[in-house]
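Remember, it's 1-based here, ligands and their atoms both numbered in the order they're listed.
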Amino acid sequence: MQKAYLLTLGCPKNEADSDAFAGCLKKAGWGITGSIENSDLLLINTCAFIKPAVDESLEVIGEALDWKNERPERVLILAGCLPGRYPQDDSGGLEGFDLVIGPGDTARLEEYLLLSSASSPEPAGGRISRYLKISEGCSNNCSYCTIPLIRGARRDRTPESILMDAHHLAQQGAVEIGIVGQDTASWKCGKDSVSWLISQLAGTYPDIWFRLYYIHPAYYPDDFLALLAEHENVMPYVDMPVQHVSDRILKRMGRPYTGDHLRKLFDEFEGYDGMLSVRTTLIAGYPGETEEDFDELIEFLSQYRCIRTIAAFPYWPEEGTREYSRHSSEDIPDAGAVQSRLSRIGDSADEHNIIWADRLDGEVMDVLADTPLLGHSRLDAPEVDGACCFDRSVVPGRIIRCRIAGGTGSDLNAEVLI
Ligand code: SF4
């Protein structure tokens, strides 16, 4: 059987696209392998959200072209945001690929595979944590972001097609399903909201953990905490990229909420009756950001112990965005100031890690085993947040009852109880 290797760059949203690409490959009779050396087809699902992601994609492309040059009969496919962002690339950089397709373009992949050789289908395997995309694109048009340019306006998938995909993931052995999309909180079908959708999924698959990603603060569903209280298998986890808290900067970013709106939401999270963790992302050094704006952000972070994970990025001027065409170089804080702001956010993240390790010390909780020695708790997303390190080997894919025994950084030590 011919084997395909899928390489996913960037965020969990790309994982959902890769799952769809893997589905097309399997349908066409390709096996999926975890070894690039043994593969006959390499599909690279790229990210081009910001410049470092573009750079990483270009580096991987260089290596992939070398791989192809060694044995030119192998198939090399480039997919995702990079060709989506530069569809008219005439630099020659995308030459050497057998197929170049945009984000989530399964139709073109299927068409290509139909015309190429196929062998017998692979039996269902199954990764432990999977991702389910409920919408494509974004209509928010934040001033700094290229996603709406690359992926277009938001299109919500129907509940039927989402439930169908969830069924396939469950059949393949998924133990956790992450609900992804550029703006998941805005998902709608008639009067039904994303909370309704998750409640359907959680009710249909009570043994699967569901985790909602990328909740835009302006569209946070009011009934989300009630949903958590009602469904034990919806993770007590709020992934909310606030980006900033200064009203001036939020306005300039084109984010339609205020610092007070965020304080109201975070007060609610803080008051949740039970353990709840918040992951957030921030941009440091946004054009026009002053020391006062930044101090306000740091003050905000220090107020909320529910914040468990903080990811911070420097501002990148991205061609084609509103901010790119309007800011002058004087607007951008100098590199030294940006570095020092990022390091202050890092200090704040360290403080939150210490608070959480202390808070969780001695707690008995369920941990999903990703490997024999590593897993993730209900409070942490796989791959991007802290891990739990087991004190003895367990079976991957099982939910393990553990007692937490402190931690290091964002990782926790877990004593296996059963
Ligand atoms: S919400 Fe804003 S930052 Fe997020 S994908 Fe949409 S436009 Fe980009």
Side-chain angles (χ1 to χ4, degrees), residues 8-17 45-54 57 80-82 84-86 102-104 131-157 178-188 193-194 212-221 224 238-259 261-262 265 278-289 297 309-327 381 384:
T8 309
L9 306 176
C11 63
K13 281 173 278 206
N14 263 7
E15 293 277 0
D17 278 354
N45 192 9
T46 55
C47 182
F49 174 40
I50 52 176
K51 189 169 180 302
V54 173
S57 293
C81 287
L82 190 79
R85 190 172 177 190
Y86 304 108
Y131 298 95
L132 175 53
K133 188 182 271 195
I134 60 170
S135 61
E136 180 57 270
C138 183
S139 300
N140 290 318
N141 290 310
C142 299
S143 313
Y144 53 87
C145 181
T146 54
I147 294 287
L149 305 172
I150 299 169
R151 297 196 169 226
R154 193 185 91 243
R155 286 97 62 207
D156 293 336
R157 296 183 60 204
I179 307 298
V180 297
Q182 267 75 38
D183 179 10
T184 52
S186 295
W187 184 93
K188 283 242 164 332
S193 68
V194 71
L212 180 62
Y213 289 83
Y214 310 112
I215 304 173
H216 192 298
Y219 313 118
Y220 168 76
F224 189 64
V238 177
D239 176 28
M240 180 172 282
V242 302
Q243 312 301 19
H244 217 287
V245 302
S246 150
D247 289 352
R248 232 170 41 79
I249 299 299
L250 287 170
K251 192 165 178 212
R252 182 159 179 165
M253 286 177 163
R255 306 277 292 180
Y257 51 87
T258 61
H261 174 73
L262 293 174
L265 293 183
V278 177
R279 173 191 172 83
T280 193
T281 54
L282 309 169
I283 298 176
Y286 199 79
E289 184 191 60
L297 179 58
T309 306
I310 304 170
F313 303 94
Y315 167 74
W316 287 97
E318 293 294 339
E319 214 176 326
T321 61
R322 284 207 308 287
E323 191 59 63
Y324 183 87
S325 49
R326 79 175 165 211
H327 69 62
V384 290

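For ligand 1 and His216, the ligand atoms under 4.0 Å from any heavy atom of the residue are 1 (S).
To the nearest 0.5 Å, atom CG of residue Leu212 and atom CD1 of residue Ile134 are 6.5 Å apart. Here the CZ atom belonging to Arg255 is positioned 13.5 Å from the CD1 atom belonging to Ile249, to the nearest 0.5 angstrom.
In this structure, Glu136 and Asp17 have side chains that are in contact, with non-hydrogen atoms separated by less than 4.5 Å.
Using a 4.0 Å cut-off between heavy atoms, Arg255 contacts ligand 1 through its side chain alone, with no backbone atom that close.
Remark: the Arg322 side chain and the Ser143 side chain contain an N/O donor-acceptor pair separated by less than 3.5 Å.
For Lys251, the NZ atom counts as loosely surrounded, since its 6.0 Å shell holds 12 or fewer non-hydrogen atoms of other residues, nucleotides or ligands.
Ion pairing between Arg252 and Glu323 holds under the 4.0 Å rule for side-chain N and carboxylate O.
Looking at residues two or more places apart in sequence or on another chain, you find no ring pair (Phe, Tyr, Trp, His ring centres under 6.0 Å) involving Phe224.
Of all protein N/O/S atoms, those lying under 2.8 Å from atom 8 (Fe) of ligand 1 come to 1.
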